[in-house]
Amino acid sequence: MPITEAPSPRVLDVRPMLRAGEEPFQAIMDAVGALAPGQTLRLIAPFRPVPLFSVMANRGFAASDRPLADGDWEVTFSPVAGMQETPESEDLAVGSSPSAVFWGDPVLELDLCGLEPPEPMVRILEALETLEPGDVLFALLAREPVFLFPELAKRRHEWAGNFDASGTDYRLLIRHGGGKGH
Amino acid sequence: MPMASLSRWTMSYFAAALAFLIAAEALAVAGVGFPASGLAEPATLVIVHLVAIGWLSLAMAGALLQFVPVLVNRPLAFPQLALPALVALATGLLLLCAGFAALAGWIEVTLDLLPLAAAALLAGFALLGLMLTATLLSARPVALFARFVLTGLACLAATALSGGTFALVLSGRGDWLGGAALLPGGLPFHAVLGFGGWLGLIAFGVSYRLFVMFMMAPEPPARRVRPVLIGAGLGLGLAAAGLLAPFAGVEPGAGWLAAALAALAGAGACYGRDILALYRTRRRKALEINMLASIPAFAALAAGLALLPVAILVDAGEKPIAALGFLLAFGWLGGLTLAQLVKIVSFVTWLETYAPRLGRAPAPRVGDLVAMPRTGWWFLAYYGGGALAAAALALDAAQGFRWALLPGLAGTVGIAAELVRVRRLSEIKAAERPAAHDYPLLLLVRADERSSAHADHRSTLAPRA
C-alpha cells in the first residue's frame, strides 16, 4: 500500500513499565494489533531492543532506530507495503506470526490433549530443544497455553495458534526461532 | 492477548492475608469477641473485619490479580496500582481495628479514626476495583465468568460504602443522614453483601473456571451456570435494597433478610450441583491436595447456606446464627481459600522458577513443591478445629470454642509455614534447584527480569550484552 496519507505514528513508551518491573511485550503486541493500516509504531525504550526487530520483521515491519539522550532509544517500526495481510482466521491468537502460512510441514506432531497442565507446556519446550532452527512443530492441546506464549517469545520461537471449528481442541504451530539454549 | 504474566505482588497479598488470619485466630483463642461479647459489639467487629478484609479480601484480591488476566486473556490493567492498593487496605484495616478498640474503650484515641479508616479502605478497594474492572471490560464480549466477578465487585462497592457510612455514624458524624436508622439494622445486609457477594459470588465464578482446569473436567454449559448468577444477583439485590430501605422510611425485617439469604441458598444449591458434577466427571482421577482440602469447605457451605435463612426466619438467636456464620466464613470461604492458596502458590512458584529451564535442565512437577502428606495433616487440624468450634458456638460453650479453635490456629500456622517452604523450594532435591540468585523471593514474583547463567531466557526486550 502506498503510504501517502499515513496516519500519524502511534507512540509507545515502555520505560515506565520496565521501571515498574513489568514485561512490556504484551503492551507492544497490543499496540501493533491496534495500528491502523499504514500507521507506524514509535517505541521508546531505555535500550536498543534488538530481539524485537526480528519479531516485528516477521510481522511485516521494518525497523529504524536512533539513540536519544540518557541512553534511551527511539525505534520506528514502519509497515512494509503488502506484508500486513491479516492472518486467514481472525481467531488466530494475538502474537501469532502472520508468516505461518509459508512455514514448511511440521517435522514433529504432538497430541497433548489428555495431559494435565502444565505438562503440555513442558513437553512442547522439551521437544523444541531437540529441533533445529526453522523446524516446525505442531501440537494439539485441550486449552490455549497462555503461560507458554511468553516463554516462546523469550526463546524467540514463532507461533500461530487457534481453536478448531468445534472449539474443543487448540491447534498450535511453532517454528523454531534458532534461539540457543545454554 | 493470550499472554499470561505472573502478578508481581500476589505473594505479598497472600502473606499479609495469612498474617491477618493468624492474628484473628490468636485473638479469638485469647477470648476476644463473640461469644464473650455480642455479635455487633466492637470486640467481635475487630475479629470479623480482620477475617473479612485482612484475610479473605486480601487473599481474594491477590488471586484475582493473578487469574483475572489469565481467564480473560488480557493483560492486567494499571498493574502499578497493586502495591498502593495493598498498602491502603492494610493501613485502613489497622486503623479500623484501632477505631473499634476505641469504641470498646480499650484505648483512648479519637473516634475519627473510624471514618479515616473507612477512607483508606475505600481508596484501596477502589484501586483494586479499577484494575479488575478495566481488565474484565477490555475483553469483549464480556464472558459469563467476568459477570460473576463484576457483580461481586459491585457488591464490594456497596459493602465498602455502607461500611464507610456506618463508620461515620459510629464516630458521631452521621447527622447528615437525616435520622435514618442505619444501625444496627443495616449490619446483616452489609455482611451479606461482603461475604455473599464480594467473597462468595466471586469464589463461585472463579471456581467454575479454575476447577475445570485443575481437575480436567468438562466445562459446565452456560445455561447451567447462568441461574447461579441470576439467583445470587436477586439475593444480593435484595440485600442492597435492605441497606437503602431506611432512607425511604422502611425498616427491613427478618423476613427481608431471610428472603435475600434464601435466594443465595438457591444459587448455592445450583452451584453445589455443578461442583459435584465437576468432581464426578473429572479426567484427573487422583485428587490433588487443593481439591481434596476443598471438599470440607463445600460441606460447610451446604450446611451453612441451607440453615442460615431458617435460623434468621425463626429468630433462633445470636448463637446459632453466629455458629452458621462461623461455619461459612471459617469453613467454606477460609478453607477453600487456604486449599487453593496451596495450588496457586506452588503453581506460580513453579512457573517463575522452572519455565525458563524447561527442556534445558531437570525440572520437578508442580506437585513436587508441596510437602505431602504433611500439608494434608494441617488441613485436618484446621477443619477439625473449625467443626468443633462451630459446634461449641451453637451449644453456647465459650471455653470450648476457644479450645476448639486452637487446632484450627495450629493448622493455619502449619499451612502458612508450608507455603513459605514452597516459595523456598524446600521439597526440591538439589539437582533440580536453581542457582542461589534465581531462587524465588518470598514476597515478590519476578517473572521476567532475571538474568541467569543456567538458561537463556532473556526477555524479548532485554538489552543484548
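Since this is a predicted model, take the numbers as computed values, not measurements. Note on naming: letters A, B, ... go to the chains in the order of the sequence lines (proteins, then strands), and numbering restarts at 1 for each one. Basis for what follows: all heavy atoms, side chains included, without hydrogens, waters or symmetry-related copies.
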List, one per line, each side-chain donor-acceptor pair under 3.5 Å for residues 108-122 of chain A, sequence neighbours excluded.
residue : atom : partner : partner atom : Å
D111(A) : OD1  : C113(A) : N            : 3.1
E116(A) : OE1  : R284(B) : NE           : 3.0
E116(A) : OE1  : R284(B) : NH2          : 2.6
E116(A) : OE2  : R284(B) : NE           : 3.3
E119(A) : OE2  : R123(A) : NE           : 3.2

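- Between F211(B) and Y279(B), the ring planes are perpendicular. Angles over 60° get that label, and only those under 30° would be called parallel.
- Heavy-atom pairs under 4.5 Å with chain A peak, among A355(B), P79(B), A363(B), at A355(B).
- Salt bridge status for R209(B) with E219(B): present, with a side-chain N to carboxylate O gap under 4.0 Å.
- Using a 4.5 Å cut-off between heavy atoms, F214(B) makes no contact with chain A at all.
- Heavy-atom distances place both the backbone and the side chain of M213(B) under 4.5 Å from chain A.
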Would you tabulate the side-chain donor-acceptor contacts of residues 133-148 of chain B under 3.5 Å, counting partners in other chains and residues two or more places apart, or write 'none'?
residue : atom : partner : partner atom : Å
T133(B) : OG1  : G129(B) : O            : 2.6
T135(B) : OG1  : A77(B)  : N            : 2.9
T135(B) : OG1  : M131(B) : O            : 2.5
S138(B) : OG   : T135(B) : O            : 2.7
R140(B) : NE   : L137(B) : O            : 2.9
R147(B) : NH2  : V142(B) : O            : 3.2

